[in-house]
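Structure first, commentary second.
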Protein chains: 2
Amino acid sequence: MSKAEIKDRARLKKKERRRQILLELKLRPHVRISELAQRFNVSTETVRRDFDALSGEGLIARAHGGASAPSQGHYPNLDERANSRIDERERIGRRAAKLVREGETVMIDSGSTTIEMARALAYLGTPCTVITNSIPVAMTLGHGAPEVLLCPGEYLAAESAVIGTETLEFLSRFNVDRCVIGSSGFSTEGPSESVRGFAAVKRMMLQRAEYRHLLIDSQKFGRKGLAHVGDLTGLQSIVVDSRPKDALLGALVAANVDIISTDDT
Amino acid sequence: MSKAEIKDRARLKKKERRRQILLELKLRPHVRISELAQRFNVSTETVRRDFDALSGEGLIARAHGGASAPSQGHYPNLDERANSRIDERERIGRRAAKLVREGETVMIDSGSTTIEMARALAYLGTPCTVITNSIPVAMTLGHGAPEVLLCPGEYLAAESAVIGTETLEFLSRFNVDRCVIGSSGFSTEGPSESVRGFAAVKRMMLQRAEYRHLLIDSQKFGRKGLAHVGDLTGLQSIVVDSRPKDALLGALVAANVDIISTDDT
DNA sequence: ATTATTTTGTTGCATAAGCCACGTTTCAGT
DNA sequence: ACTGAAACGTGGCTTATGCAACAAAATAAT
């Protein structure tokens, strides 16, 4: 008996429905319960139950009347950290955006802090050309004044960015005024990164830029990620929310790195 | 005194508040009106007005009770199109996804119909490699089985895709099993496209693929977009929601193009 | 077939959000 | 100070959503 066919036409099963909800959320920032109920031809209560289940698994974020994707470029640990460091990130991003001058060409790395910078840059509306491997950065800037060149590469869903040899090869073809990178660790040995494949991208960006900036949250001082990105001497300046001290400060001075702190008046 | 002048010297309070809203949305997928009203110590009406203004500028996506970032899929042009003929698109997408076999390499074009196909393909979970210039397609497939290679290029916010010489050059380096494209028009002369810069991308994809498929809504039969994409003879098959008739059918038969209709049982 | 289990629908009500109109406050320019 | 425009708040009302408990239907298991 072809019950399956009949069901397929009439109504989707639970699993399929939830799958569709997740897919929909990859394309739209927000879906409404009422919309989905209509689309799936089920009651709003059913959709609500789907939402409860999915949000229990952390796959969606509930909202009054609907749901959204958990987070833009959902970074694994972002939720915990970001909530406690909103201001720091925002300030670092704003300060860093001011470094970019009209008409410049800038490479921007992927990462939560660089997304903040992109937001600030979009707000400033500085006309410039941005080359990035981060989808959120491209989308943020894409609506505004800057021209955006997106890198090719293997798409990494977890970070909403591209990496790989294609990315590196593409970056290697450009010479830019500045590059702005973030990193998951920062010690006297320089920035380091723990996400696979990102270190190489950051390294290449540093190589192709005349002025090299690192955006780094003071929480990351002293931490070391898996892969070494580069030496301190390779940086012109770091943008931080609070000035480093002791050994790290000494190393930065020795390496002649400018420290731009949002703490300074 | 002109209104423009007043606008220029917009109040700090309002401006700052709206800036904060945007910032918040970069970190969270969704904010509630009630939350913001409390946080800024203003009435909900004020926040509502902020939302109206911001959503008018396309900076946020409104929702019942709050708003979300337009981040993941804000396609101004796509929205209108997507709302009509959802079923047709879904069926076409589902059918087209079945064309892809395990291990194949596929180029997928940007467009609302190809996004539907990407969804279906993600659902099927066919392991394959996808090369695309569409951000939504990359994001949809990125979480699943397929490997995704994103093209470089100039980011076009309105279509959430990349175009330009970089894109073409990148595509030209690959030889793939299939390519799947959409178009805004389809006549006896072949598919045509009205969005600037897209025709060239489609043409290049057709050039690099062994099997070439066109996904096309029957509403577009007979329409001609600005730029010619290619001849009918360049296509192996078209996937449609309803079989073409008369002259178009004749031309397709003459060009030896397979017609895959979702109407067929 | 029958029962048990899961899934979905329905109803009623409390709460939240939307919306409109009007009054009040704020602030730049005079 | 004065004034007018813009921004903001308040109140009254309508609509939408959330929630919970129970009924109905579908599905799975025996």
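Every chain is numbered from 1 and lettered A, B, ... according to where its sequence line falls, protein lines coming before strand lines.
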Quick one: [X] [atom1] to [N] [atom2], roughly how many Å, whole number?
{"X": "B:H30", "N": "C:dA16", "atom1": "NE2", "atom2": "P", "value": "16 Å"}
{"X": "B:Q38", "N": "C:dA17", "atom1": "CD", "atom2": "C1'", "value": "15 Å"}
{"X": "A:F51", "N": "C:dT7", "atom1": "CZ", "atom2": "P", "value": "18 Å"}
{"X": "B:F40", "N": "D:dA7", "atom1": "CZ", "atom2": "P", "value": "17 Å"}
{"X": "A:D52", "N": "D:dC19", "atom1": "CG", "atom2": "C1'", "value": "10 Å"}
{"X": "B:R32", "N": "D:dT17", "atom1": "CZ", "atom2": "C1'", "value": "10 Å"}

All salt bridge (charged side-chain N to carboxylate O under 4.0 Å, His left out) counterparts of [X], not counting sequence neighbours:
{"X": "A:E35", "result": "none"}
{"X": "A:R95", "result": "none"}
{"X": "B:R18", "result": "B:D50"}
{"X": "B:R243", "result": "B:D264"}

Identify each atom pair where a protein N or O and an N or O of nucleotides 8-10 of chain D are less than 3.5 Å apart, giving names and distance.
unit_1, atom_1, unit_2, atom_2, d
D:dC8, OP1, B:R17, NH1, 2.8
D:dC8, OP1, B:R17, NH2, 3.2
D:dC8, OP2, B:R17, NH2, 3.1
D:dG9, OP2, B:S43, N, 2.9
D:dG9, OP2, B:S43, OG, 3.0
D:dG9, OP2, B:T46, OG1, 2.2
D:dG9, N7, B:R49, NH1, 3.3
D:dG9, O6, B:R49, NH2, 2.8

Which is true for A:A37 with a 4.0 Å heavy-atom rule: it touches a base, it touches only sugar-phosphate, or it touches nothing?
-> nothing
When all nucleic acid strands are considered with a 4.0 Å heavy-atom cut-off, which category describes B:A53: base, sugar-phosphate, or nothing?
-> nothing
Mind checking what makes ring pair (Phe, Tyr, Trp, His ring centres under 6.0 Å) contact with A:H213, not counting sequence neighbours?
-> none
List the atom of A:I60, the atom of A:F51, and the distance in Å for their closest heavy-atom pair.
-> CD1-O, 3.6 Å
